[in-house]
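To keep things clear, I will list the structure first and then write my remarks on it.
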Amino acid sequence: SCPMSGDDNRESADAIVRAMELELAQTRAGWAREREKHRTVRMLAFSFLSLVIFGALLALFFLFSRAGEMRGARSSSPQPAQTPAH
């Protein structure tokens, strides 16, 4: 005869299933935390990269506008000043 009855077998199997479900739920919660952490890091990296690109575009804009001003000032300086018409 078996030392465990059918009810005892059933209860231990249910306990094992509950323990496995709990472990799986904890593992899934860990995965969710990891996903959230990676999502935050990805968002911060994208934001930083966007700021760097925006800063570079802004610097190029000012660089080219200053170069245009200097080119305009250099080309107009050799010309004699015109007197306004009366």
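- Within the structure, salt bridge (Lys or Arg N to Asp or Glu O under 4.0 Å) pairs that include any residue of residues 40-63 do not occur (at least two apart or interchain).
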Give the table of side-chain donor-acceptor pairs shorter than 3.5 Å for residues 46-67, with sequence neighbours excluded, one pair per line with atom names and distance.
unit_1: Ser47; atom_1: OG; unit_2: Met43; atom_2: O; d: 2.9
unit_1: Ser50; atom_1: OG; unit_2: Phe46; atom_2: O; d: 2.9
unit_1: Ser65; atom_1: OG; unit_2: Phe61; atom_2: O; d: 3.2
unit_1: Ser65; atom_1: OG; unit_2: Phe62; atom_2: O; d: 2.9

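- A 6.0 Å sphere centred on CD of Glu23 holds no more than 12 heavy atoms belonging to other residues, nucleotides or ligands.
- In this view, Glu34 and Lys37, His38 satisfy the side-chain contact (heavy atoms from CB on, under 4.5 Å) rule, not counting sequence neighbours.
- By the side-chain contact (heavy atoms from CB on, under 4.5 Å) test, Arg18 pairs with Asp14, Ala15, sequence neighbours left out.
- When the side chain to side chain donor-acceptor pair (under 3.5 Å) test is applied to Arg39, the partners found at least two apart in sequence or on another chain are Glu36.
- Applying the under-4.5 Å side-chain rule to Ile, Leu, Val, Met, Phe, Trp and Tyr, the cluster around Ile16 extends to Met20.
- Residues in residues 46-56 take part in no salt bridge (Lys or Arg N to Asp or Glu O under 4.0 Å) pair, two or more places apart or across chains.
- Applying the side-chain contact (heavy atoms from CB on, under 4.5 Å) test to Arg28 and every residue at least two apart in sequence or in another chain returns Leu24, Trp31.
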